[in-house]
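The first residue of the sequence shown is numbered 1, and numbering continues consecutively from there.
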Amino acid sequence: MRDALAASDPGFLRLTAGLRTVTAIALTLAVLSLLRADVSHLVAGAIAAMVATFAIREKQRARQAVTLALGLPVAFASVTLAALLNSRVLAGDLFFVALIFCAVYARRFGERGTALGLIGFQIYFMALFVGAGVPGLPRLYGAIGVAFLSSALTRFVLVRETPTGILDRLREAFRARLAQLVSAQLDLLDAGPDDVDDALKDVRKGTARLHETAMLIQGRLEEGTADEATARLVQRRIADAEIAAERLGLLLLSARSARGADTLTLHLPGAPAPSGNRLPVRDEATETLRRDLAALRLLVLRPVGRDAGTALSHVRNRLLGYRDAENLPSAPGAVQDVFRGIGELARAVMGLRIALDGPQDESDDTPATARSREELDAEDAAIDAGEESAPDAEEAGLDRPTTRAAVQVAVGSALAMVGGEFLSSQRWYWAVLTCWIVFINTASTGEILVKGYRRLLGTVFGVVAGIVLAGLVGQHTWTAFALVLLLVFAMFYSAPLSYTLMSFFVTAALGLLYTLLHTYSLSVLVLRVEETALGAACGIVAAAFVLPVHTHRRTNDLLVTVLDRLADVTEGAVDQLSGGPAVDLLEKARDLDQALADLRAATQPLTHPVTPLRARRTTARYVVALLETCAYHARALAATAELLPSKPSIAADPRLRPAGQRILHNIRAIAARVADDEAGARIETGPNIASLLEPDGRGSTGHGRITHRVLRHLQRLDESAAGLARPLDVPVAPPPRG
């Protein structure tokens, strides 16, 4: 049960966010009730506590405290201006638009600017919601002060969270998700012809979830580890385990297929398993493979430690022995490769355990295990602190994303105010709130369209739930507040998973709040739907006509960034494998992963099920899958290149440099073509990469200096890069004569 929870919510980040917010609200309500505050001030305090808790996203506790302290005067100023301008319609509307512009523009100042802007906007909205006036300001100041103090007490004492604790829980989530992926791979081995596609889908899902957790860990390493060297070591071991697990899935696919599996099969959603699948058999080698996959899962779930006894040590030693050819069972070559993959993943698990928990008991080591330890120790010694990367150049003026978004949301909010006034002179601010929200964490018209659709859908269903709950609760104040707390927790717990669900819980909670304020009616909730639809429409209009960033332009820009990062990783790895100087390949690989994650998020409007552009959806999924394939092989090359100082079986070979030039040329040609349709760049095709390493063209690797794995990754990277040319309309240069 613990592992299932850890895997479903890595680091318990969603659980912590929900508990912290609910605790802050409950504490605020308890204090205000003791002070005999009326219902409107209870509602104001609850909203202020929620805002003060979720707005602050900084990782360092000291910075969180400073931002929270700065947020209190911002909240006081916001509620004061809302009360003063409440009776001055035109001046109040103009100020609200200016406040919205400033709140969005403040994002350019980082997480603190984002938090303060969010506090200013939401507190102003809260004042409109409870109908704040100048005579009631002292009591509102008191409610907001109690809310901020409750938020601080919850954050730093009651639901305390440290970077080290978060990182520890993320490590547990990585272990649990790795075990789930091994389970899915075992199911893939046993799947019959009718179940193999579903089993492959589970492997894809497990691989993506493992990668997601690895990215979360990388984002927390700097704050959660003692020094930079430790952070780099953990990052390296996490990357090793992720690559080994992904490779094991590919080897299993190849073992099942009579013709071998292409890397793209694992990365393209919905792609069927390779044709010519062999049925699961019950020969001795396959039975041993099943047993050892189950043993590998056990080793991940219960790593060998000082108090684990000898049984797990023997399991680990047996699996690590598969890294030596003499210990492989008698089986076809593809099946033997799976056993080697099991050995490599067992080695990665041991390396991760050593990096996280320090040295282990070596009394039960076999010679194969001892050699693996020596390799890991040599790799650890070779890891040096990398140089800090230079910050990216920031766009200026209206091309800066924060400025563009601020102008767009200000225009959209002004439209929402005008339209909202026609719908209701008292509830117009719901349209403004929706317009504001659909712009948060979006960067293109398509993203805003999808987010607006999801919010409207969640609001419609939330209205139905609000009607039911309001009818059940009646005028029972504390029952209503208890349900509000439950809905708030569900809202924060589901927010990263589904924006539609989050909108559903928000709207249901608002129905209860209206009941508490004695303003509930069916017409009010229907008006909520109308204002939401209006606000979403105004946001889409503003995004489409005011300094628009179309989805095509946004995805093209991100695609160029991914290709540039891919070229950086490939060039650095090939150069190092060719004998060049060592570079920080780990950081380059991390930049590639982040760029690919941004592209994947930006293509959601194109891949959404309701999109009418079926051809573009297919193309976008195919291109992203090809890029994920390229990223996997580039990461594997980078990991191999960093083994050069510590692994005698891998030596630099200068012939790799010219062999890798074609790959780099093709990646850069595709990037140039995507950036400019008029560019004359073309990709090049030619002989197999392995054949380029020997003058006789027989593909010999010569004295064992270049491993077969390196050649395979280079060849697959070359094929995947060339495969991007067709969907992106990049011409192919004719082969040279002779």
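Side-chain contact annotation: T154 with T23, donor-acceptor N/O pair under 3.5 Å absent. Defined by atom type and a distance below 3.5 Å, a donor-acceptor pair is missing between the side-chain atoms of T500 and S503.
Take Q235 and apply the side chain to side chain contact (heavy atoms under 4.5 Å, CB included) test, not counting sequence neighbours, and it matches Q218, L221, L586, R590. Remark: D202 engages no residue in a side-chain hydrogen bond (donor to acceptor under 3.5 Å, both in side chains) (not counting sequence neighbours). With sequence neighbours excluded, the residues that form a salt bridge (charged side-chain N to carboxylate O under 4.0 Å, His left out) with E212 are R177. Every salt bridge (charged side-chain N to carboxylate O under 4.0 Å, His left out) that R20 has, sequence neighbours left out, goes to E161. Legend: residues meeting side chain to side chain contact (heavy atoms under 4.5 Å, CB included) with A639, ordered by chain and number and at least two apart, are D240, I243. D168 is linked by a salt bridge (charged side-chain N to carboxylate O under 4.0 Å, His left out) to R171, counting only residues two or more places apart in sequence or in another chain. Remark: E628 engages R600 in a side-chain hydrogen bond (donor to acceptor under 3.5 Å, both in side chains) (not counting sequence neighbours). In terms of the salt bridge (charged side-chain N to carboxylate O under 4.0 Å, His left out) criterion, residue partners of R14 (sequence neighbours excluded) are, by chain and number, D9. Shown here are the side chain to side chain contact (heavy atoms under 4.5 Å, CB included) partners of D593, two or more places apart in sequence or in another chain: H211, M215, R635. Among residues two or more places apart in sequence or in another chain, the side chain to side chain contact (heavy atoms under 4.5 Å, CB included) test is passed with R621 by P269, T607, R617.
Atom-to-atom distance recorded for L251:CG and E344:CD is 10.0 Å, nearest 0.5 angstrom.
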For this session: Begin from the C-alpha positions of V349 and R353 and carry the test side-chain contact (heavy atoms from CB on, under 4.5 Å) through to its verdict.
Result: CA-CA 6 Å; V349 171; R353 175 78 173 180; 5.6 Å; no
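Side chain of K451 to backbone of I437: a donor-acceptor contact under 3.5 angstrom is found.
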Let me check something: any side-chain donor-acceptor pairs from residues 479-495 under 3.5 Å, sequence neighbours excluded? List them with distances.
unit_1	atom_1	unit_2	atom_2	d
S494	OG	A490	O	2.7
S494	OG	M491	O	3.4

Sequence neighbours left out, cut at 3.5 Å: what donor-acceptor pairs do the side chains of residues 456-468 make with other protein atoms?
unit_1	atom_1	unit_2	atom_2	d
T459	OG1	R455	O	2.7

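Results of the salt bridge (Lys or Arg N to Asp or Glu O under 4.0 Å) test with D292 over R318, R340, R316 single out R318 as the only residue that passes.
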